[in-house]
Amino acid sequence: MVKAVVVGAAGGIGQPLSLLIKANPLITELALYDVVNTPGVAADISHINTPAKVTGYIGDSQLEAALTGAYIIIIPAGVPRKPGMTRDDLFNINAGIVAGIAKATAKFAPNAYVCIISNPVNSTVPIFAEVLKQHGVFNPHRVFGVTTLDLVRASSFVAELRGKDPKDVTIDVIGGHSGATIVPVLSAFGTFSDAEREALVKRIQYGGDEVVAAKNGAGSATLSMAYAGARFANAILDATVAKKAGISECTFLKTDVAEKDELEFFSTRVVFGPDGVEKVHPLPALDSHEQALYAACVVELRGSIQKGIDFARSKI
Ligand code: NAD
Ligand code: LMR
């Protein structure tokens, strides 16, 4: 049995993400959990003719049933940004939401692969990890911040600039998932003029703001995020259920790759094998421009990680 759970399934990301997850034939059971509207979303998605049996769960009293037996949990629960807000402005609301889901995960699905989309990812992942630690069930190779949208954007923007098919353009994006903490490693792909590089870096770092501004108060990226979230979850399923070789993605996880800069969490390329994380890539070679981006990332990321850890510790 392969049970996937979407937490926040009725939201702007949750609905298209649930649709894409339902399309994966490896899944046998799909639990759609939210505090509102899941009966309708589940009824609708359940008519899609793939194997997963779909069930909607609504409200706190049904969270246990939704999570129990989960193989993979994907979490886009929480509020999105409006124009003028940073992702960190979401902390006050989303930190509590994520801590609550982490507590329930610790009790009802401690071995599941957890993919966290809720912002600010740079803090929500440390919160989730800390809560699991408090319950004695934290496995650093099971809790992932989904930064795939940054890679999707980098691939799109570079492909557009170079007139290539995006499937032939892979750009690693390391660090975190917010403004200056997003570090695209363009040098591994090729050479760019100063103007090209500066424009690309800015657009990849602030792609989220582009969507927030265009939606003009109606939220942030949902459809591209659903695509990216499904790509990340499917990577884990392809490697661990279908046992496909050569599966890797960049993701934000607890790791020592940036330990020298006192970062407990960092997004880097991870290889997934049949038993989960097989290899965590060290920091890639960075040119002088990327080293400067990395230095800026470190300062902001360290603070966001500590803020998440402090929040979770204050709730014990
Ligand atoms: P949304 O408001 O459309 O949907 C959020 C859903 O979460 C709602 O249906 C809401 O009812 C639900 N929810 C709230 N509290 C909950 C709880 N305790 N348990 C379960 N569900 C709960 O928002 P959205 O546009 O889908 O965005 C969701 C989150 O994803 C935001 O925090 C946003 O910033 C983040 N996001 C992250 C990325 C990324 O790259 N990681 C990209 C886009 C958006
Ligand atoms: C994104 O990168 O699109 C998301 O993190 C949502 C946001 O707030 O920008």
Side-chain angles (χ1 to χ4, degrees), residues 5-18 31-42 56-64 66-67 73-105 115-125 127-128 144-154 156 173 175-179 181-182 184 203-215 217-233 249-252 267 304:
V5 186
V6 179
V7 179
I13 297 167
Q15 292 200 36
L17 175 64
S18 300
L32 303 183
Y33 176 82
D34 203 302
V35 291
V36 292
N37 297 339
T38 37
V41 178
Y57 297 91
I58 189 162
D60 220 30
S61 64
Q62 298 189 6
L63 185 53
E64 173 175 357
L67 292 176
I73 304 169
I74 313 155
I75 307 173
V79 291
R81 286 199 285 165
K82 287 190 163 48
M85 293 172 82
T86 66
R87 291 180 185 79
D88 188 56
D89 292 333
L90 305 172
F91 186 96
N92 287 343
I93 298 178
N94 289 354
I97 292 175
V98 168
I101 298 164
K103 206 169 159 188
T105 301
C115 312
I116 300 164
I117 293 172
S118 316
N119 271 318
V121 164
N122 294 352
S123 304
T124 54
V125 174
I127 289 172
F128 208 100
F144 309 104
V146 182
T147 58
T148 318
L149 184 51
D150 300 321
L151 280 84
V152 166
R153 286 182 176 137
S156 291
V173 182
H177 175 68
S178 187
T181 70
I182 296 172
R203 198 162 176 217
I204 296 163
Q205 288 187 328
Y206 295 96
D209 298 62
E210 202 177 289
V211 180
V212 169
K215 291 199 173 180
S220 57
T222 53
L223 304 172
S224 52
M225 183 59 237
Y227 172 85
R231 171 172 131 176
F232 185 73
E249 284 289 351
C250 290
T251 183
F252 185 72
S267 186
S304 303

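Values in this document were obtained by computation on a predicted structure and should not be read as measured data. For the numbers below, each heavy atom of this structure counts, side chains included, while hydrogens, waters and symmetry mates do not. Atoms within a ligand are numbered from 1 in the order they appear, just like the ligands themselves.
For NZ of Lys215, the number of neighbouring non-hydrogen atoms (other residues, nucleotides, ligands) closer than 6.0 Å is greater than 12.
The protein heavy-atom contact nearest to atom 1 (P) of ligand 1 is Gly12 N, 3.8 Å. Scanning all protein heavy atoms for the shortest distance to atom 31 (C) of ligand 1 gives Val79 O, 3.2 Å. Looking at atom 2 (O) of ligand 1, its nearest protein heavy atom turns out to be Pro80 CD, 3.5 Å. The protein atom (non-hydrogen) at minimum distance from atom 5 (O) of ligand 2 is His177 NE2, 2.5 Å. From the protein, the heavy atom lying nearest to atom 3 (O) of ligand 2 is Arg153 NH2, 2.7 Å. The shortest contact between atom 11 (O) of ligand 1 and any protein heavy atom is with Asp34 OD1, 2.6 Å. For atom 40 (O) of ligand 1, the closest non-hydrogen atom of the protein is His177 NE2, 3.0 Å. Of the protein's non-hydrogen atoms, the one nearest atom 15 (N) of ligand 1 is Ile97 CD1, 3.5 Å. The shortest contact between atom 30 (O) of ligand 1 and any protein heavy atom is with Ile13 CD1, 3.3 Å. Residue, atom and distance of the protein heavy atom nearest to atom 36 (N) of ligand 1 are Asn119 ND2, 3.4 Å. Looking at atom 9 (O) of ligand 2, its nearest protein heavy atom turns out to be Arg81 NH2, 2.6 Å.
Looking at Gly78, Gly14, Ser118, it is Gly78 that brings a heavy atom closest to atom 7 (O) of ligand 1. Nearest residue to atom 22 (C) of ligand 1 from Pro120, Ser220, Ala77 is Ala77 (criterion: closest heavy atom).
Side-chain N or O atoms of Ser304 include none that pairs as donor or acceptor with a backbone N or O of Ser123 at under 3.5 Å. Side-chain atoms of Asn37 do not come within 3.5 Å of backbone N or O of Ala10 as any donor-acceptor pair. Without hydrogens or angle criteria, Tyr33 side chain to Gly59 main chain gives a donor-acceptor distance under 3.5 Å.
Close contacts of ligand 1 with Ile117, meaning ligand atoms under 4.0 Å from a residue heavy atom, involve 30 (O), 35 (C), 36 (N), 37 (C), 38 (C), 39 (C), 41 (N). Residue Gly208 approaches ligand 2 through these ligand atoms, each under 4.0 Å from one of its heavy atoms: 1 (C), 2 (O), 3 (O), 9 (O). Atom numbering of ligand 1 starts at 1 in the shown order; those under 4.0 Å from a heavy atom of Leu90 are 34 (O). Atom numbering of ligand 1 starts at 1 in the shown order; those under 4.0 Å from a heavy atom of Thr222 are 25 (O). Heavy-atom contacts of Asn94 reach the following atoms of ligand 1: 32 (O) (cutoff under 4.0 Å). Under a 4.0 Å criterion applied to the non-hydrogen atoms of Val121, ligand 1 contributes the atoms 41 (N). Per-residue contacts place Arg87 under 4.0 angstrom from the following atoms of ligand 2 (heavy atoms of the residue considered): 1 (C), 2 (O), 4 (C), 5 (O), 7 (C), 8 (O), 9 (O). Near Ala221, meaning under 4.0 Å from any of its heavy atoms, are these atoms of ligand 1: 43 (C), 44 (C). For ligand 1 and Val36, the ligand atoms under 4.0 Å from any heavy atom of the residue are 11 (O).
Checking each of Phe232, Phe252, Phe128 against Phe144 for a side-chain contact (heavy atoms from CB on, under 4.5 Å) leaves exactly one that passes, namely Phe232. Screening Asp209, Thr86, Asp89, Asn119 for a side-chain hydrogen bond (donor to acceptor under 3.5 Å, both in side chains) with Arg81, the sole residue that qualifies is Asp209. Screening Thr251, Asn122, Thr147, Asp150 against His177 for a side-chain hydrogen bond (donor to acceptor under 3.5 Å, both in side chains) leaves a single residue, Asp150.
Between Pro76 and Leu17, some side-chain heavy-atom pair lies under the 4.5 Å cut-off. Between Val211 and Arg153 there is a side-chain heavy-atom pair separated by less than 4.5 Å. Under the 4.5 Å side-chain criterion, counting only non-hydrogen atoms from C-beta, Thr38 is not in contact with Gln62. Taking the side chain as every heavy atom from C-beta outward, Asp88 and Ser178 never approach each other to under 4.5 Å.
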Check your understanding: So Val146 and Met225, side-chain contact (heavy atoms from CB on, under 4.5 Å) or not? Walk me through it.
Key -> CA-CA 9 Å; Val146 182; Met225 183 59 237; 3.7 Å; yes
Point to revise | side-chain contact (heavy atoms from CB on, under 4.5 Å) between Thr222 and Ile13, worked out | key: CA-CA 4 Å; Thr222 53; Ile13 297 167; 4.1 Å; yes
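Ligand 2 lies out of reach of Met85, whose nearest heavy atom is not under 4.0 Å from it. Residue contacts with ligand 1 include Ala10, since one of its heavy atoms falls under 4.0 Å from the ligand. Proximity of Gly100 to ligand 1 is not established, as no heavy-atom distance is less than 4.0 Å. Put simply, part of Asn119 is less than 4.0 Å from ligand 2, judged by heavy atoms.
Checked by distance only, ligand 1 and Met225 stay at 3.5 Å or farther apart across all their nitrogen or oxygen atoms. Close N/O approach between Tyr33 and ligand 1 is not found [any backbone or side-chain N/O within under 3.5 Å]. Note: no N/O pair closer than 3.5 Å links Ile101 and ligand 1 by distance alone.
Across all their heavy atoms, Ile127 and Ala95 have their closest contact at CD1-CB, 3.5 Å. Scanning all heavy atoms of the two residues, the minimum distance from Val212 to Lys82 falls at CG1-C, 3.6 Å.
For the 3.5 Å distance criterion, the side chains of Asn94 and Ser118 fail to qualify, holding no donor opposite an acceptor.
Ile73 CD1 to Ile101 CD1: the interatomic distance, rounded to the nearest 0.5 Å, is 9.5 Å.
In Val211, neither the side chain nor the backbone holds a heavy atom less than 4.0 Å from any atom of ligand 2.
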